[in-house]
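Quick caveat, the model's predicted, so the values are computed rather than measured. FYI, side chains are in, hydrogens and waters are out, and symmetry mates aren't considered; it's all heavy atoms of this structure.
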Amino acid sequence: MAGDNTIVLSESVDPTYWTTGAEIIIAPTGFEPMEKEKMTIASIDGNTITLNDTLQFTHLGSEYSLEDGSRSWNISAEVGLLSRNIRIIGQSYPEIGEEQFGARVLVSKFTQDGTEYRGYAKISNVEFVRGGQEGWTDAFDPRYALAFLNHEDSVDNDEYNKESYVKKCAFNYNYNAAIGTFNTNNVLIEDNVVFRTMEYGVRDEGIGNRFLHNLVVLTRFVGIHKDQRQNFFKRGCFYFKESLDPEFKDNAAAGCERAGFAGTGHICSSSKRWSNNVIHTVQDGIFTNTYNPPVEVREDKDCVVFRGFFVYKAYDYAFYLLTHDTVEMEDNIIVDSGVGIHPFLIRPRPTTHNLEEKHLRINNTLFVGRNDPSQCDTDAEPSYLWFDKERNNGGTMWPGRNWKGYATGHAGLLWPIFSGIGVPLGKPWVNGKPKSFPLLTGQVYLNDNTFANFNPGQCDGQFDSAIRTNPRGDDMQFPIISTGTKFVNVAESSRVWMDRPIMKLVVNEHCVDMHCDGLKKALLIDTDGEIIGDGIPGTIIADAAYEWEGNPSAGLGYYRVPKTMVTTVSGDKIEYEDKLPNTGIVRNEQCTWVEEWHAYKCHGLDHRLLIIESMDIDTLDRRLSPVAVLANPGADGYIDLINGPQDFSCCFGYACQKRVSNFYSIIATNMMYEIHLTSTPPIHMRYRVKNNDGGNPVLLKVYFPKPQRIDIFVGDRFVSPNNIDLTSESFSMLPADDSYIPSLSSEVEG
């Protein structure tokens, strides 16, 4: 506790090294990285250490558990020993605070007179003091406290005794990264303590290096330190963006002003298994961005896994995943973070019409909204946040707190974004908002996860949400499919939250004259009814008819329905109440509106995602929307209008709008749908119902203004029309008749 001068360690330490006069670093456990404390041991008695001064801040050290006792976690400040007998010391001189020019050790190779000399280093129990030289971070000249450059392979138990490792060392105040490995492979980095680095803590650009039981406390963000005008980049206490197949176990990162771990993830096919890594007191826990700056591709991972991480007190995101890879997550614990998981998968651009199946799968993960709801330190902003607000205009923060007039607080999981590219105008990322059209595929699978302590009435009246739409996913919120989800101490009102569409995007340079679709097309498939709460399988759907015939700026109402849908073949008007009296996504009598969610919960309907895609060359230029999707035309009809993705071009006005003609609709199976486009249909279109393999059929009736031949294919297989004239030697059809219309009981796809 603050004011105490003793601490009690949870593990025994070696009295040979932990002695009177030795320096230690105590990690912070709140949201503020600068609450680390460097102390000197005045005396030690077993596991009890008396310090040379009193503590300025409280450092947690307790076991916590869920209300039902099913899961527990430990939050305790790490304590690292900084003193060693062997010391490499950067000279202290009057200008060092400004110049930040410390000592460095380089392990590398060089060639002289035709002979190659290759260095190696076995470094253990060494203290590096004032190491590294600020600003020299490039791989060709890494002026870190210790860097391995073009070392190539280290061989364990090498016959010439030339293996390399770094063990039980301390890096005590650094002006750059503490350790870097570049074109260096299979080096063991174990049991090291790192205190105060700049931009990076430990950086790996090698293959198969092993990082075991290391502690990094306080990595400063260079943008703040040098008061830069703008700096959108997210480095990390552990920076593994160019690393391939490392081993990463039992490490801890605390007090990172940007990310705790920045990297692309562990390759799924690896035989190594990451585990027991702790990250806390950071802006972002795990930060992945394979888009900008681009990753040097050693080999395509295709699938990455994040396993065995415990992340707490991440002010913005515990996991921010902007990646072109499929992501698997399992056995993680997330506590007291602004957002638990932000899924943001990219590539290929939908304008290529290429299909690349991607997903995020989350298994056996614990999401805890508030570790201790009685403590409101979540509202005490960390000291680094001024830079995000003043220099980056909020672009590098989680924007969803107190969003658009709602007292929104913490969120466990955000609905996923699947986008062609990640970010606007070359910046690394901005507010988690995509700057490209939605992909043609994507979903999140939840298996056996637990959400706990998400409730209304939190600090300053905020309400937390276990599962929430992404407020910046304006164009599409891809489906979530849940099995075995458990809630502990979660109010029913906090299970789900769906944000409302943003009105200011109804302008020419974005969604033109209607609400953007994304926040009105969210779908959660609850396979066992545990999220809905009644144990009956069902779905949760957004309010697609929000502001229908309401605010005229929303551009939504019966006047936007294509005239062909409400006109008979003889030209008479069909009354709306006779054909399409209901609005929004199709529902039945088992659907109930939940005001606290801004959503419907439904049973008895299998809602799925239907993607309508124009394959024509003018897909970016010719507007087809609003697209009217009508379920069960008649007295039970439900009309839903689809606008399509917004304009992402860099110009303004109608003449330069570029909006891909792909339309995402939530439909229900075992139903007939009538589809009308506002303008002339494309020559070539593709229709796909997602997440419905082996499921019930959907019957689509698509309006075409001209009675011309239309060919249907399922994949590459041509489907003959039911009224084909088999007696004719050429392709011809019998006169149209309702008897030829396919039925929902048909076994023939197409």
Side-chain angles (χ1 to χ4, degrees), residues 25 27-28 33 36 78 80 132 137 139 142 144-148 166-167 169-171 174 176-182 184 187-222 233-267 270 272-290 295 304-314 317-321 323 332:
I25 183 65
K36 53 53 183 167
E78 296 84 2
T137 62
Y144 300 170
L146 172 61
F148 292 82
V166 185
K167 299 179 182 179
C169 293
F171 295 81
N174 306 272
N176 205 325
I179 304 172
T181 55
F182 303 89
T184 297
V187 171
L188 176 62
I189 299 172
E190 183 178 23
D191 286 331
N192 301 289
V193 177
V194 175
F195 167 60
R196 202 278 186 183
T197 61
M198 183 66 66
E199 195 74 346
Y200 309 93
V202 176
R203 182 176 179 181
D204 181 34
E205 291 192 8
I207 301 175
N209 292 312
R210 294 162 290 165
F211 299 86
L212 309 176
H213 201 251
N214 301 288
L215 169 64
V216 179
V217 177
L218 187 61
T219 294
R220 302 300 307 274
F221 173 45
V222 70
F233 294 102
K234 296 267 185 169
R235 315 300 188 190
C237 280
F238 291 96
Y239 189 79
F240 284 26
K241 191 166 183 179
E242 307 285 356
S243 176
L244 182 63
D245 201 24
E247 188 171 359
F248 195 67
K249 292 182 178 180
D250 304 317
N251 300 287
C256 315
E257 289 187 333
R258 297 290 94 172
F261 177 95
T264 59
H266 193 35
I267 190 167
S270 173
K272 300 171 184 174
R273 189 177 181 88
W274 293 7
S275 61
N276 300 321
N277 297 296
V278 179
I279 296 172
H280 62 93
T281 316
V282 295
Q283 184 176 32
D284 302 318
I286 284 81
F287 181 81
T288 298
N289 184 347
T290 64
V295 174
V304 295
V305 59
F306 292 92
R307 177 189 296 117
F309 282 95
F310 174 29
V311 182
Y312 68 91
K313 301 290 184 182
Y317 305 96
F319 287 83
Y320 183 91
L321 305 174
T323 175
N332 298 299

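To the nearest 0.5 Å, atom CG of residue Asn214 and atom CG of residue Asn251 are 5.0 Å apart. Going from atom NZ of Lys241 over to atom OG1 of Thr288 covers 9.0 Å, rounded to the nearest 0.5 Å. Note that the CD1 atom of Ile267 and the CG atom of Leu244 stand 6.0 Å from one another [nearest 0.5 Å]. Rounding to the nearest 0.5 Å gives a distance of 12.0 Å between CD of Glu257 and OG1 of Thr281. Atom CG of Asn277 and atom CG of Asp250 lie 7.0 Å apart (nearest 0.5 Å). Note that the CZ atom of Phe233 and the CZ atom of Arg258 stand 12.5 Å from one another [nearest 0.5 Å].
Smallest separation of non-hydrogen atoms from Asn332 and Arg307: OD1-C, 3.6 Å. The two residues Trp274 and Pro246 have their closest heavy-atom pair at NE1-O, 2.9 Å.
For the pair Thr137 and Arg203, the minimum side-chain heavy-atom distance is below 4.5 Å.
With hydrogens and angles disregarded, no donor-acceptor distance shorter than 3.5 Å links the side chain of Asp284 to the backbone of Ala259. A donor-acceptor pair is defined here as one N or O able to donate and one able to accept, closer than 3.5 Å; no such pair exists between the side chain of Asn192 and the backbone of Phe171.
In this structure Asp245 satisfies the salt bridge (charged side-chain N to carboxylate O under 4.0 Å, His left out) test together with Lys272, sequence neighbours excluded. For the ring pair (Phe, Tyr, Trp, His ring centres under 6.0 Å) test, residues two or more places apart in sequence or in another chain that qualify with Phe240 are Phe211, Phe248, Phe261. Checked against side-chain hydrogen bond (donor to acceptor under 3.5 Å, both in side chains), Asp204 has the following partners two or more places apart in sequence or in another chain: Thr181, Asn209, Ser243. Here Lys249 pairs with Glu247 under the salt bridge (charged side-chain N to carboxylate O under 4.0 Å, His left out) rule; sequence neighbours left out. Under the ring pair (Phe, Tyr, Trp, His ring centres under 6.0 Å) criterion, Phe148 pairs with His151, sequence neighbours left out. With sequence neighbours excluded, the residues forming a side-chain contact (heavy atoms from CB on, under 4.5 Å) with Asp191 are Lys168, His213, listed by chain and number. The salt bridge (charged side-chain N to carboxylate O under 4.0 Å, His left out) test applied to Arg196 returns no partner, not counting sequence neighbours. Listed by chain and number, the residues in a side-chain hydrogen bond (donor to acceptor under 3.5 Å, both in side chains) with Asn176 amount to none (sequence neighbours excluded). Not counting sequence neighbours, the partners of Ala27 by the side-chain contact (heavy atoms from CB on, under 4.5 Å) test are Glu78, Val217, Ala254, His280. Legend: residues meeting side-chain contact (heavy atoms from CB on, under 4.5 Å) with Val216, ordered by chain and number and at least two apart, are Val194, Val202, Thr219, Cys237, Phe238.
Taking the six-membered ring where tryptophan is involved, the planes of Phe319 and Phe309 are perpendicular, since the angle between them exceeds 60° and thus also 30°.
Evaluated for a ring-ring contact (aromatic ring centres under 6.0 Å, His included) with Tyr239, the options Tyr144, Phe287, Tyr200 yield exactly one hit, Tyr200.
Sorted by first then second residue, the salt bridge (charged side-chain N to carboxylate O under 4.0 Å, His left out) pairs that include residues 210-219, not counting sequence neighbours, are Asp156-Arg210.
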